[in-house]
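Numbered from 1 within each chain, the chains take letters A, B, ... in sequence-line order.
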Amino acid sequence: MNFQPEIIAWYLNNKRELPWRNTSDAYIIWLSEIILQQTRVEQGLPYFNRFLAAFPTVQDFAAATESEVLKLWEGLGYYSRGRNMLHTARAVMELHGGIFPTAYDTLIQLKGIGDYTAAAISSFAANESRAVLDGNVFRVLARYYGMDTPINSPAGKKVFSALADELVQGQDASIYNQAIMEFGALQCKPKSPLCESCPLRPDCFAYNHQQVHLLPMKLKPGAKRVRHFNYFVAEHNGQVLMKQRAAGDIWQQLYDFPLVETSAEHYAVPEEFAQKTAELFGFSPLLRPMINKKHVLTHQIIYVQFFALDNNIPNFNSTASFKWLSRAAAMEVPKPNVINDFVKFYLTKL
DNA sequence: AAGCCGGGGGA
DNA sequence: TCCCCAGGCTT
């Protein structure tokens, strides 16, 4: 049975007015799609508006610095999206003469554009017949067709993808793709879906078998890694010592403070702590505990402690990664939320 | 194939 | 609390 006509009819009556829906400009669509990866529309919307105002064209984006991009991205998470966007904007200038591609096969080669995003841009901007497969589509298909293969398994990806490809055939891909995603977001919601007013209810497998709350199936994620970050906040001559984070860990290229990470079972054991801080600073620091925070990420729980460093440390010079920054500069550099929250508190209250 | 990468909002 | 969001990259 084909539900496409009903989904499209539902969409035309219920869709939200969103700025990236009124254009076929692939650059603008790309901007919205990257921002909306793993991000709700309401959360991404203000970021979309700020990015478009800052970079009206892909040429403007390509001319930006990484710090500018990360500053605009600040607070949105998954910061590699921002770094990949800059890379891709520059690639579009160099490889495609500043014309943002609309073909799936071209898009898929760009950094940060995977299967979903290439399908979205090529169908929205050029009506290419490609099926989008995001969290909404997984959910709608799983419930309507009663598919119980876990959607986060390789087998699930395969079977749902095959069905989605089949369903987009013969459709206006631009409208249908947006329709099924909007339907999943507003009607066939993860929690408390609106089955009573659902136009698909008569033929919905999950509804007719009391399985709406069970589908889609998902494999349980593993336990999160627990870490302890001990940060040192040093001030000297009105400047704050900060550090730019390196590759190979979370928050790449963002700024935090000099850091001692201690073993995961506990807050810093005195001996371990003293030894590591002495290694970091080259002397025994005078520490004053300030704030503790628990910060939860997708795969990690981080217990964060901030210490004021009461020694004068005039010999700790700026390096490539360690930088003495004025308070204004410390506010300005891009930082993860847990650091940003502390800095705002620290610079206003102390 | 599995692990990693943020942050926020709803229930 | 737990779950999920217009996913993608690395190993």
Engineer: Which of the following nucleotides, dG7(B), dC5(B), dG7(C), is nearest to the side chain of Q300(A)?
Structural biologist: dC5(B)
Engineer: For Y231(A) together with F342(A), are the ring centres under 6.0 Å from each other?
Structural biologist: no
Engineer: Rounding to a whole Å, what distance do you find between H299(A):NE2 and dG7(B):P?
Structural biologist: 15 Å
Engineer: Rounded at 0.5 Å granularity, tell me how far OH in Y79(A) sits from CD1 in I250(A).
Structural biologist: 10.0 Å
Engineer: If you compare every side-chain N and O of N152(A) against the phosphate oxygens of dA2(B) (OP1, OP2), does one of them come in below 4.0 Å?
Structural biologist: no
Engineer: Rounding to a whole Å, what distance do you find between I250(A):CD1 and dC9(C):C1'?
Structural biologist: 17 Å
Engineer: Quick one: are L36(A) and W20(A) in side-chain contact, heavy atoms under 4.5 Å?
Structural biologist: yes
Engineer: Would the base of dG7(C) count as contacting T117(A) through its side chain, where contact means a donor and an acceptor less than 3.5 Å apart?
Structural biologist: no
Engineer: Over all strands shown, is N177(A) touching base, sugar-phosphate only, or nothing at heavy-atom distances under 4.0 angstrom?
Structural biologist: nothing
Engineer: Name the closest nucleotide to the T298(A) side chain, picking from dG6(B), dG8(C), dC3(C).
Structural biologist: dG6(B)
Engineer: By nearest nucleotide on DNA chain B, pick out whichever of K191(A) and L76(A) is the more 5' one.
Structural biologist: L76(A)
Engineer: Tell me whether Q4(A) contacts the main-chain N or O of Y176(A) through its side chain, where contact means a donor paired with an acceptor under 3.5 Å.
Structural biologist: no
Engineer: Which nucleotide sits closest to the side chain of Y116(A): dG6(B), dG8(C), dA11(B)?
Structural biologist: dG8(C)
Engineer: Of T39(A) and S192(A), whose nearest nucleotide on DNA chain B comes first from the 5' end?
Structural biologist: T39(A)
Engineer: Mind calculating the distance between CG (L214(A)) and P (dC4(C)) to the nearest angstrom?
Structural biologist: 12 Å
Engineer: Let's test your reading of the model: under 3.5 Å, does the base of dG6(B) pair with the side chain of Y78(A) as donor and acceptor?
Structural biologist: yes
Engineer: When the nearest nucleotide of DNA chain C is assigned to L36(A) and to K111(A) on a heavy-atom basis, which residue is associated with the more 5' position?
Structural biologist: L36(A)
Engineer: Using side-chain heavy atoms (C-beta onward) and a distance below 4.5 Å, is E196(A) in contact with Y207(A)?
Structural biologist: yes
Engineer: Nearest to the E182(A) side chain among dC5(C), dG8(B), dA6(C), which nucleotide is it?
Structural biologist: dA6(C)
Engineer: How would you label the contact of V41(A) with the nucleic acid (heavy atoms, under 4.0 Å): base, sugar-phosphate, or nothing?
Structural biologist: sugar-phosphate
Engineer: Expressed as a whole number of angstroms, how long is the span from Y79(A):OH to dC5(B):C1'?
Structural biologist: 11 Å
Engineer: Please report whether the ring centroid of F307(A) lies less than 6.0 Å from that of F257(A).
Structural biologist: no
Engineer: Would you kindly give the NZ-to-C1' distance between K335(A) and dG7(B), to the nearest whole Å?
Structural biologist: 16 Å
Engineer: Report which part of the nucleic acid K157(A) touches: base, sugar-phosphate, or nothing (heavy-atom distance under 4.0 Å, all strands).
Structural biologist: nothing
Engineer: From the set dG8(C), dG6(B), dA6(C), return the single nucleotide nearest to any side-chain atom of R81(A).
Structural biologist: dG6(B)
Engineer: From CD of Q38(A) over to P of dC3(C), roughly how many Å is that when rounded to an integer?
Structural biologist: 15 Å
Engineer: Considering Watson-Crick and G-U wobble pairs with both distances under 3.5 Å, what does dC5(B) pair with?
Structural biologist: dG7(C)
Engineer: Of the options dC4(C), dG6(B), dA6(C), whose atoms approach the side-chain atoms of L18(A) most closely?
Structural biologist: dA6(C)
Engineer: OP1 or OP2 of dC2(C) less than 4.0 angstrom from a side-chain nitrogen or oxygen of K220(A), does that happen here?
Structural biologist: no
Engineer: Base, sugar-phosphate, or nothing: which does R16(A) touch, judged by heavy atoms less than 4.0 Å apart?
Structural biologist: nothing
Engineer: When you measure from the side chain of R139(A), which nucleotide among dG8(C), dG6(B), dC4(C) comes out closest?
Structural biologist: dC4(C)
Engineer: Answer with base, sugar-phosphate or nothing: what part of the nucleic acid does W73(A) contact at a heavy-atom distance below 4.0 Å?
Structural biologist: nothing
Engineer: Scan G184(A) against the nucleic acid and name what it touches under 4.0 Å (heavy atoms): base, sugar-phosphate only, or nothing.
Structural biologist: nothing
Engineer: Starting at CG of L72(A) and ending at C1' of dG6(B), how long is that distance when rounded to a whole Å?
Structural biologist: 17 Å
Engineer: Looking at dG6(B), I'd like to know if its phosphate oxygens (OP1 or OP2) sit under 4.0 Å from a side-chain N or O belonging to N337(A).
Structural biologist: no
Engineer: Calculate the interatomic distance between E42(A) atom CD and dC4(C) atom C1'; express it in whole Å.
Structural biologist: 12 Å
Engineer: Could you label the plane-to-plane angle of the W73(A) and F51(A) rings as parallel, tilted or perpendicular, counting under 30° as parallel and over 60° as perpendicular?
Structural biologist: perpendicular
Engineer: dC9(C) and dG8(B): how far apart are their C1' atoms, nearest whole angstrom?
Structural biologist: 23 Å
